[in-house]
Amino acid sequence: MEGERLQKTLARAGYGSRRSCELLIVEGRVTIDGRVAELGNRVDPAVSVICVDGALAATSQNTVYFLLNKPDGVVTTASDPHGRTTVLDLVTSPVRVFPVGRLDMNTEGLLLLTNDGRLAHLLTHPSSHIGKEYLVRVEGDPSPGAIRRLREGVMLDDGLTSPAQVSRVSEGLLRIVIHEGRNRQVRRMCAAVGHEVTRLVRTRIGPLHDATLAPGAYRQLSVSEVRRLFEAVGMTDEMASTMPA
Ligand code: URA
């Protein structure tokens with residue numbers, strides 16, 4: 001018989017023992033190339049597109065996408081010479097993934113990790129204009145004038161910031177959406193209008209948000225989330241060839 005038993009491929013992709021992977025198959029939670037799999041199915045891990053609960057399984061040929069809620073104190077680099085916990089320490093993936101962009105060590109919230117270099121490149125490219133939303137706790141309570149400056153653009157040492165969406169949620173708490181990705185941008189913008197940031201949480205990356213993900217937890221993106229992300233960066237043509245229907 002051709003190919004590898006599906007439960008073996010799934011077990012290698014991190015879905016537990018072969019026995020528990022058999023259960024996933026029996027429960028109808030696994031698809032191969034868009035069709036519900038059955039026990040006994042064999043796959044070619046280099047060709048088949050395998051999904052579990054609608055999310056692509058991390059088999060070597062698949063591009064995988066994880067959404068992590070980064071906790072405070074974790075670094076976004078792949079390895080840290082000082083031995084601090086990195087975002088890669090938090091994510092168990094049988095294929096090597098890397099973070100898309102970075103959050104400061106003290107910034108919390110959503111971070112995308114993937115092995116899809118093209119998407120990562122498009123998301124982080126200065127021309128991407130993907131909106132990234134932050135909840136920002138600041139010292140003091142920004143005045144309407146300070147909020148207007150944040151919206152219209154503030155002069156930083158690397159130039160004027162682009163227009164941002166800024167609203168006051170409550171005393172000392174702002175919601176800021178920026179479309180650039182400069183180093184420590186939100187912290188520097190707020191400091192420039194006289195309000196140091198005391199807590200920064202990213203709550204949305206383009207179409208991706210998830211208020212139910214606990215700090216330190218992660219999950220795979222669903223196929224429709226990947227689709228929306230591709231659309232947001234203009235990769236719609238790629239979808240047809242690489243994603244299940
Ligand atoms: N802006 C910042 O200042 N820090 C981050 O981590 C992200 C955006």
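Quick note: numbers below take in every heavy atom, side chains included, and nothing from hydrogens, waters or symmetry partners. Heads up: numbering here begins at 1 and tracks the sequence. Atoms within a ligand are numbered from 1 in the order they appear, just like the ligands themselves. Owing to the predicted nature of the structure, the values given are computational and were not obtained by experimental measurement.
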Inset, instruction - Classify the side-chain pair E225/H209 by whether it contains a donor and acceptor separated by less than 3.5 Å. - result: no
Legend entry - Pairs satisfying side-chain hydrogen bond (donor to acceptor under 3.5 Å, both in side chains), at least one member in residues 142-160, at least two apart: D157-R188, D158-R182, D158-R188
Legend entry - Ionic contact status for D141 with R168, cut-off 4.0 Å: yes
Legend entry - Given T107, N183, T124, the one that forms side chain to side chain donor-acceptor pair (under 3.5 Å) with R102: N183
Inset, instruction - Check whether the side chains of T198 and E139 place a donor and an acceptor atom closer than 3.5 Å, and report yes or no. - result: no
Inset, instruction - Examine distances only and state if a side-chain atom of K132 and a backbone atom of R204 form a donor-acceptor pair shorter than 3.5 Å. - result: no
What does the N/O contact table under 3.5 Å look like for ligand 1?
{"unit_1": "ligand 1", "atom_1": "1 (N)", "unit_2": "V186", "atom_2": "N", "d": "3.1"}
{"unit_1": "ligand 1", "atom_1": "3 (O)", "unit_2": "R184", "atom_2": "O", "d": "3.2"}
{"unit_1": "ligand 1", "atom_1": "3 (O)", "unit_2": "Q185", "atom_2": "N", "d": "3.3"}
{"unit_1": "ligand 1", "atom_1": "3 (O)", "unit_2": "V186", "atom_2": "N", "d": "3.2"}
{"unit_1": "ligand 1", "atom_1": "3 (O)", "unit_2": "R187", "atom_2": "N", "d": "3.0"}
{"unit_1": "ligand 1", "atom_1": "4 (N)", "unit_2": "D104", "atom_2": "OD2", "d": "2.7"}
{"unit_1": "ligand 1", "atom_1": "6 (O)", "unit_2": "D104", "atom_2": "N", "d": "2.8"}
{"unit_1": "ligand 1", "atom_1": "6 (O)", "unit_2": "D104", "atom_2": "OD2", "d": "3.4"}
{"unit_1": "ligand 1", "atom_1": "6 (O)", "unit_2": "T107", "atom_2": "OG1", "d": "2.8"}

